[in-house]
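To keep things clear, I will list the structure first and then write my remarks on it.
No hydrogens, no waters, no symmetry mates; every other heavy atom, side chains included, goes into these values. Chain naming here is simple, since letters A, B, ... match the order of the sequence lines and numbering starts at 1 in each. Computed from a predicted model, the values in this text were never measured in an experiment.
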2 protein chains.
Amino acid sequence: MNQISPKANKWLHCLEANGCRATMTRRAVVETLAGSQRALTPLEIFDLCRSQYKNMGLVTVYRTVEKLEELGLVQRVHQPSGCQAFIAAADGHQHLLICQNCGLVTFFSGENEMIEGLMDQVSNQSGYQINSHWLQLFGYCASCREPAKNPQFNR
Amino acid sequence: MNQISPKANKWLHCLEANGCRATMTRRAVVETLAGSQRALTPLEIFDLCRSQYKNMGLVTVYRTVEKLEELGLVQRVHQPSGCQAFIAAADGHQHLLICQNCGLVTFFSGENEMIEGLMDQVSNQSGYQINSHWLQLFGYCASCREPAKNPQFNR
DNA sequence: CTGCATGCAAAGCTTTTGCAGGTGC
DNA sequence: GCACCTGCAAAAGCTTTGCATGCAG
């Protein structure tokens, strides 16, 4: 690893503050996940890390991702194609916008009043006490919308 | 099976219209899923069916659920605790409201304009072409909100 | 009778666990 | 030097596949 990104650094400090050691393998997982714009599966993280750290084990990826998720630094991304992938968590509660072509994940936080209103309304109609919500949008990101850039991609 | 519910009947006809035979084991899976207010995992369906049909195999449950999902009669439910459970699909696109205590699933369809507006706004801000969305609310249903009915349940 | 459906067994994956050796601090 | 971390191997789940038999139409 040549240089540690600010986000990866923050994660490592957070791990240390929680009694974890900043080992080389953890740095690799942290750097990979902190630097990704796509949600990555444990196996993808493993492959990416292994290109730098020859003896990286898949088990270590699972254990590190588990810790990062516990600390709220990373979150699981649910998609129609599967729910094994993880991405750096946003600050505060945010919603996900996922590109169905390239996998780019973008967070958005706007329209919270709208959602609050919806929750109130549904609560009144259904009798439920609503505690949390998931909102995700799926589509094609700006780059993938442009046919010229993605000739293989049919819309 | 004493009597087939209207919904189960509709599903069986739909299966037949798609070249599937209405076997006893399929009837059992269909009746179980069509009659459930909770999302059920393949294993749960298997156990429920097996109480009636002794030689039911788990494999058959997987194969039947797969067919029902293909036909859009059943949909997978994603939850923090896992994404293996299925429930009867709603007519048209609807959103889910899930009880975190008893698992009761309620659909709601209101506020589509609100969500359309949100999608337009996010689309303009992000440059994404938005194709679909997932919205789920989690909370406690009317029954589970009442402490008297659920003394074991801490809120 | 014909061909789809079924259960069993086995294979294939993903994820977790046990453990002896290694490493950060 | 101590405690935590690691990779390996194995176990544990969950899901799919192959195949001979069974059953619906």
Side-chain angles (χ1 to χ4, degrees), chain A residues 1 4 9 11-33 39-47 49-71 74 76-86, chain B residues 1 4 9 11-33 39-47 49-71 74 76-86:
Chain A
M1 194 158 308
I4 297 276
N9 229 353
W11 290 11
L12 288 170
H13 282 112
C14 188
L15 283 168
E16 283 173 353
N18 284 272
C20 297
R21 289 175 181 168
T23 62
M24 288 307 269
T25 44
R26 271 190 190 144
R27 279 173 212 269
V29 172
V30 161
E31 189 73 9
T32 299
L33 257 174
L40 301 174
T41 64
L43 196 56
E44 287 171 330
I45 298 167
F46 174 60
D47 284 335
C49 290
R50 197 165 40 166
S51 62
Q52 291 185 39
Y53 298 83
K54 306 292 158 50
N55 345 4
M56 171 74 66
L58 179 56
V59 178
T60 299
V61 175
Y62 275 99
R63 291 194 268 229
T64 304
V65 169
E66 184 182 27
K67 277 230 153 53
L68 292 172
E69 194 183 17
E70 278 170 23
L71 296 174
V74 144
R76 189 181 290 266
V77 176
H78 296 258
Q79 292 186 256
S81 56
C83 308
Q84 298 78 39
F86 295 84
Chain B
M1 195 159 309
I4 297 276
N9 229 354
W11 290 11
L12 288 170
H13 283 111
C14 188
L15 282 169
E16 284 173 351
N18 284 273
C20 297
R21 289 174 182 169
T23 61
M24 288 307 269
T25 43
R26 271 190 190 143
R27 279 175 212 269
V29 172
V30 161
E31 189 73 10
T32 300
L33 257 174
L40 300 174
T41 64
L43 197 56
E44 287 170 331
I45 298 168
F46 174 60
D47 284 336
C49 289
R50 197 165 41 166
S51 62
Q52 291 187 39
Y53 298 83
K54 307 290 158 54
N55 349 5
M56 171 73 66
L58 179 56
V59 178
T60 299
V61 175
Y62 275 99
R63 290 195 269 229
T64 304
V65 169
E66 184 183 25
K67 277 226 152 52
L68 292 172
E69 194 183 16
E70 278 171 24
L71 296 174
V74 144
R76 189 180 291 267
V77 176
H78 296 257
Q79 293 187 258
S81 57
C83 308
Q84 297 77 40
F86 295 85

Open item on the list: Distance check needed: dG13(D) C1' versus E44(B) CD, whole Å only.
Closed with: 15 Å
Open item on the list: Need to verify one output field. Residue with the more 5' nearest nucleotide on DNA chain C, G57(B) or G19(B)?
Closed with: G19(B)
- [ ] Give the rounded distance in Å between these two atoms: OH of Y62(A) and P of dC13(C).
- [x] 13 Å
Task: L12(B) backbone acceptor or donor facing R26(B) side chain under 3.5 Å - done: no
Task: Position toward the 5' end of DNA chain D (nearest nucleotide), P42(B) or T25(A) - done: T25(A)
Task: Between dT14(C) (P) and L40(A) (CG): distance, integer Å - done: 15 Å
- [ ] Answer yes or no: is there a donor N or O on one side and an acceptor on the other, between the side chain of R76(B) and the main chain of A85(B), under 3.5 Å?
- [x] no
Task: Candidate list V61(A), V74(A), T23(A), test side chain to side chain contact (heavy atoms under 4.5 Å, CB included), partner V29(A), passing option - done: V61(A)
Open item on the list: By the salt bridge (charged side-chain N to carboxylate O under 4.0 Å, His left out) test, which pairs, at least two apart or in different chains, include something from residues 50-62 of chain B?
Closed with: D47(B)-R50(B)
- [ ] Can you tell me the distance, in whole Å, between the CD1 atom of I45(A) and the P atom of dT15(C)?
- [x] 11 Å
Open item on the list: One character per nucleotide, please: for nucleotides 17-25 of chain D, 5' to 3', B when the base has a protein heavy atom closer than 4.0 Å, S when only the sugar-phosphate does, - otherwise.
Closed with: BB-----BS
Open item on the list: Is any side-chain heavy atom of W11(A) closer than 4.5 Å to one of L68(A)?
Closed with: yes
Open item on the list: Rounded to whole Å, how long is the line connecting atom CZ of R76(A) with atom P of dT14(C)?
Closed with: 14 Å
Open item on the list: Distance check needed: dT23(C) P versus R26(A) CZ, whole Å only.
Closed with: 15 Å
Open item on the list: For E66(B) and E70(B): C-alpha separation, side-chain torsions, deciding distance, then whether side-chain contact (heavy atoms from CB on, under 4.5 Å) applies.
Closed with: CA-CA 6 Å; E66(B) 184 183 25; E70(B) 278 171 24; 3.8 Å; yes
TODO: Check the distance between dT16(C)'s C1' and L58(A)'s CG and give it to me in whole angstrom.
DONE: 11 Å
Task: Atom-pair distance (CG on L15(A); P on dC25(C)), nearest Å - done: 12 Å
